[in-house]
Amino acid sequence: MGRYEPAAAEQKWQAVWTERGAFLCRDDSPRPKYYVLEMFPYPSGRIHMGHVRNYTLGDVVARYKRAKGFNVLHPMGWDAFGLPAENAARDKGVHPRDWTLANIATMRGELQRMGLSIDWSREIATCHPGYYQHQQKLFLDFLKAGLAYRKKARVNWDPIDQTVLANEQVIEGKGWRSGAPVEKRELEQWFFSITRFAEDLLQSLDRLESWPERVRIMQRNWIGRSEGARVQWEIVGQKAPLEVYTTRPDTLFGAAFLAVSADHPVAAGVAARDANARAFIAECHSLGTSLEAIEAAEKKGFDTKLRAKHPLKAGETVPVYIANFVLMEYGTGAIFGCPAHDQRDLDFARKYGLPVRRVVAPAGGAADGEIGAEAETGDGVLINSDFLNGLTVAAAKVEVAQRLERDGIGKREINYRLRDWGVSRQRYWGCPIPVVHCAGCGIVPVPEAELPVRLPDDARFDESGNPLENHPTWKHTTCPRCRKAARRETDTLDTFVDSSWYFARFCAPRANVPVDRKAVDTWLPVDQYIGGIEHAVLHLLYARFFTRGLQATGHVGLDEPFSALFTQGMVGHQTFKDDQGKWIYPADAVVAEDGTARHKDTGRPVTVGRSEKMSKSLKNVVDPGAIIDRFGADTARWFMLSDSPPERDLEWTDAGAAGAFRFIQRLWRLFDESADQLPTPRTPAPKSFGSDATALRAVTHRTVAKISADVERFRFNVAVARLYEFVNALAPDTGAAKGADWLWARREALEALARLIAPMVPHLAEEAWRRLGHATLVVDEPWPEHDEALAREDVVTIGVQVNGKLRGTIEVSVGMAEAAVRALALKEAEAQERIRTALEGKPIRKVIVVQDRIVNIVV
RNA sequence: GCCCGCUUGGCGGAAUGGUAGACGCAAGGGACUUAAAAUCCCUCGGCCUUCGGGCCGUGCUGGUUCAAGUCCAGCAGCGGGCACCA
């Protein structure tokens, strides 16, 4: 047949798989279930190399598990709501739905060309009313359960996208998508009570043993649990005490001042009678929230002239400041400052000339010196602290908390950095929030029978603000309760809500309830979830919360949706800049042997930059479609799996892709040139095997054992290396002058090879399987099993060291007793010159023998 | 600033505390060919070599061990997360 033609073969086998429904997943299979899911894509227009990597990894797992006898659920869908569709509408005059659906059609075709083992009959798109109507029902259930609520809050406002962002969506003070500095605005917003589950979300991380440790650490930090105490301070001349939150109640005797947030009621009280205070508060509010603004901002305070009485020290009072660095949203919005043991408090005290009193003597250090520019935050023993003197910091925390609680002026408290999830978005292309605002009845849920609340088709996208708000008629409705005129909610849900339950919808994608309980009880949790590290906090934390919400409202019976998570690395590529300093596409750069580059058309010099994550802005993108056109999907898939471990970043190189293609051809030649000499399929094994055949079978069975172990552990790059070795071992033999036993063993080897490569390069595997004379499909074949007895090595070469340095090797039979190995090693030590000269007749002090590993002669 | 990870040939990377550099890419040499492509074979960490081999070598400095890329301590560089959270 000659050269392998991927284009023809891939199309042929994809058609065969589709025709046979090879990947349709049945709910009633007697096989054990396995749910493998890759994070579904946003339909931006075309697939990119990151998708190719993600879906190749998932497909290897899916196909491997199928071959291992599992009933595999491997679905695909579209994270289809979101702002780019509205931007396209504004810029190109195309309706967001049309733009989205066209992108989905394109990208579905591209994914199908990759030959993924996906059950396309379960495809969903979150922008489809058949999806979002159920999300609206879930919202109403959450509302009923108190998990969704509305409140006025200072929220993150993205001035470019003209919408609100959740805390998690603000990166370094900028919108996660627009990159614009985020402003603070006071707005009525919908929230999900993610903080209700803060403790559980934190504790349960310990159970997620098959999640990457760093993702768990990032979530732990994000939740930010802190143990401390709430302490009441009486303010001279006022009735209501001021409550502060602290994690260092042990340092209470070192308190030099109190500080409240500019948004604190106490600040408002002062502002009411003091114009200077009003000015200061206004200044605090005008401060930007960007990283630069925060770093540049000085710690500033405004002395309210109020005095607070020390709760444990009769007769002592401290000043009360309004300070620009105190957050209203955390703790009580007020703090006490202990300058000696907190850097920020020390900076503040130095600036305003407040006393610095040490109350912790550092462990092993001098306690008499002055506090310098650095606060002492380490452990130690309490001093200058009345009844706490002599206690360690830890003991003092306990002691002071007990005293505060006894005296009724404070209590232990646990706080979390995590805030409730703001889900309101002032956008069109999202799931409408199904409530109505009625002047008389308040917030009224839309009756379930009236769901879905559909988006209007005729919104305008050429004016600023929320298209739903701007729409002439859509928001006008009647109150479901009193039937009077009322206003529809015009906020839509954050698109992260859409992706917080899609994995549950896949279990029964056409069910007429949001989540079919029987189906999710069968399929959930997802056994293997695969996606990018960039969702470590956002999506993965939301999905964990939402699953708890689904559990609380009876939709599912579990709290953790993903029992194993794999985070793949990014795909990078070299960057190129022309002599104008503009980024250019790699395809437009011609790189010479010496590493310099020129522009393909102009011939002008091009600067070759470091490898970066592929992105449109750097133009260092390679179009997967073009690669598949040129080399085929199998080559793209093979490249994604070879060389780099999947969790690490992978650099796309043309040479690597060409190398992968050469190997695909080489694999095909191996099958093609061997096939005709082999015995027919299913020829019974010969009664006995000669030494050549036995050796070949040993290689085969060892390879099967190793690759199985590597695939199980996601070590695909190592599995690929083993396949190269296997092919190298098989390639030279043409079968001339070999016996029937050897030819039988060679068929065994090639059939194993075809099945081993099937998860990685499935089209070539089918072609090879057919060439080996089978009428069946390799996708229906079981994963090869290895025979331990055949795989076992009986002789092993081990190193002989002298004083830890390798001087020679000896061959021993596996499992040879220590004494025998020692004797052999010492005998060889005389025979092998290298070892003998290293020993130089010195007296042997000790001989260490590690079975099947090494001998070390110590002299 | 705090938390986490990484650092091995020209490059991507292998290596349950036990023969460092598997496998691949790139490079060099050779075979085949009128030629090229494709394919096949050989070499490929550094220094020295009488060609047997010797010495050094996994970011740096120490330590534990018969034995360290691997374990421990300190340092450096690179990358990621958090960012006034009291």
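In the text below, chain A, chain B and the rest are named by the order of the sequence lines, each starting its count at 1. Any value given below was found using the heavy atoms of this structure, including those in side chains, with hydrogens, waters and symmetry copies removed.
Put simply, Arg216(A) has no side-chain N or O that comes within less than 4.0 Å of OP1 or OP2 on G5(B). In terms of phosphate contacts, Arg669(A) brings no side-chain nitrogen or oxygen within less than 4.0 Å of OP1 or OP2 of A38(B). For Arg344(A), a side-chain nitrogen or oxygen approaches OP1 or OP2 of C85(B) to under 4.0 Å. The phosphate of A86(B) (OP1 or OP2) has a side-chain N or O of Tyr330(A) nearer than 4.0 angstrom. For U19(B), the OP1/OP2 oxygens have no side-chain nitrogen or oxygen of Asn856(A) closer than 4.0 Å. Neither OP1 nor OP2 of G12(B) sits under 4.0 Å from any side-chain N or O of Thr653(A). For the pair Lys805(A) and C56(B), the criterion of a side-chain N or O lying under 4.0 Å from OP1 or OP2 is met. In this structure, Arg648(A) reaches the G13(B) phosphate: one of its side-chain N or O atoms is under 4.0 Å from OP1 or OP2. Side-chain nitrogen and oxygen atoms of Arg417(A) include at least one within less than 4.0 Å of the OP1 or OP2 phosphate oxygen of A83(B).
Between Glu833(A) and Trp222(A), it is Glu833(A) whose nearest contact on RNA chain B lies nearer the 5' terminus. Map Ala655(A) and Leu806(A) each onto its nearest nucleotide of RNA chain B; the residue landing nearer the 5' end is Leu806(A).
Using a 3.5 Å distance cut-off with no hydrogens or angles, the side chains of Thr195(A) and Asp420(A) do pair a donor with an acceptor. A donor and an acceptor atom, one from each side chain of Gln343(A) and Asp345(A), are nowhere located under 3.5 Å apart. Looking only at atom types and distance, the side chain of Ser642(A) has no donor-acceptor partner in the side chain of Tyr724(A) under 3.5 Å away. Checking Ser226(A) against Tyr330(A) by side-chain atom types alone, a donor-acceptor pair falls below 3.5 Å. Using modelled atom types, one finds a donor on one side chain and an acceptor on the other under 3.5 Å when comparing Gln219(A) with Arg544(A).
Using C1' as the reference atom, C2(B) and U70(B) are 29 Å apart when rounded to the nearest Å. Across the P atoms, G21(B) and G46(B) are found 14 Å apart, a figure rounded to whole Å. Nucleotides C72(B) and U7(B) are separated by 14 Å at their P atoms, to the nearest Å. Taking atom C1' on both nucleotides, U19(B) is separated from G12(B) by 24 Å, rounded to a whole Å. Comparing the P positions of G77(B) and A83(B) gives a spacing of 25 Å, expressed to the nearest Å. Atom C1' of A68(B) sits at a distance of 14 Å from the matching atom of G62(B), rounded to the whole Å. When the C1' atom is used for both G74(B) and A67(B), the distance is 24 Å, rounded to whole Å. The same atom, C1', is picked in G29(B) and in G80(B); the two are 44 Å apart, to the nearest Å.
The side chain of Val718(A) approaches A14(B) more closely than any other nucleotide in the set A14(B), C23(B), G12(B). Closest to the side chain of Pro645(A), from the set C84(B), C66(B), G13(B), is G13(B). Nearest to the side chain of Tyr724(A), among C3(B), A86(B), C23(B), sits C23(B). If you check G13(B), A22(B), G18(B) against the side chain of Ile848(A), the one that comes closest is G18(B). Checking C66(B), G54(B), C40(B) against every side-chain atom of Arg807(A), the shortest atom distance belongs to G54(B). Candidate nucleotides G81(B), C4(B), A86(B) were compared by shortest atom distance to the side chain of Met218(A), and G81(B) ranks first.
For Arg225(A) against C85(B), no side-chain N or O and base N or O form a donor-acceptor pair under 3.5 Å. Remark: the Arg662(A) side chain and the U39(B) base include no donor-acceptor N/O pair separated by less than 3.5 Å.
Ring geometry for Phe631(A) versus Phe661(A): interplanar angle of 30 to 60°, hence tilted. Phe348(A) and Phe325(A) have perpendicular rings, their planes meeting at more than 60° on a 0 to 90° scale where under 30° would count as parallel.
The nearest whole Å value for the distance from the CZ atom in Phe661(A) to the P atom in U39(B) is 10 Å. Atom CD of Glu828(A) and atom P of U19(B) are 19 Å apart (whole Å). Distance Asn803(A) CG to A67(B) P: 8 Å, rounded to the nearest Å. Nucleotide A38(B) holds its P atom 12 Å from the CZ atom of Phe631(A), rounded to whole Å. Atom C1' of nucleotide A86(B) and atom CG of Asp347(A) are separated by 14 Å, given to the nearest angstrom. The CD1 atom of Ile533(A) sits 13 Å away from the P atom of C6(B) (whole-angstrom rounding). A straight line from CG of Asp852(A) to C1' of U19(B) spans 14 Å, rounded to a whole angstrom. Residue Arg853(A) contributes atom CZ, which lies 23 Å from atom P of U65(B) at whole-angstrom precision.
Residue contacts for Gln801(A): at a heavy-atom cut-off of 4.0 Å it reaches a base atom on one of the strands shown. Heavy atoms of Asn717(A) sit under 4.0 angstrom from primed sugar atoms or phosphate atoms, though from no base atom. Across all strands shown, Val326(A) has heavy atoms under 4.0 Å from base atoms, whether or not it also approaches the sugar-phosphate. As judged by a 4.0 angstrom heavy-atom cut-off over every strand, Arg666(A) is placed among residues touching the sugar-phosphate backbone only. Contact annotation for Thr247(A): backbone-only contact, meaning every heavy-atom pair under 4.0 Å involves sugar-phosphate atoms and none involves a base. As judged by a 4.0 angstrom heavy-atom cut-off over every strand, Val850(A) is placed among the base-contacting residues. Using a 4.0 Å heavy-atom distance criterion, Thr797(A) is classed as a base contact.
G9(B): glycosidic angle within 90° of 0, hence syn. Base orientation of G57(B): anti (glycosidic angle beyond 90° from 0).
Ring to ring, Tyr352(A) and Phe257(A) are not that close: their centroids are 6.0 angstrom or more apart. For Phe566(A) and Phe714(A), the distance between ring centers is under 6.0 angstrom.
Secondary-structure annotation of RNA chain B gives the stems B:1-7 with B:76-82, B:10-12 with B:23-25, B:27-31 with B:39-43, B:45-48 with B:53-56, B:59-63 with B:71-75, with a stem taken as at least 3 successive Watson-Crick or G-U pairs whose two distances both fall under 3.5 Å.
Of all heavy-atom pairs between Trp652(A) and Met614(A), the closest is CB-CE, 3.6 Å.
Around atom CZ of Arg214(A), no more than 12 heavy atoms belonging to other residues, nucleotides or ligands sit under 6.0 Å away.
Between Asp206(A) and Arg220(A) there is a salt bridge, since at least one side-chain N of the basic residue sits less than 4.0 Å from a carboxylate O of the acidic one.
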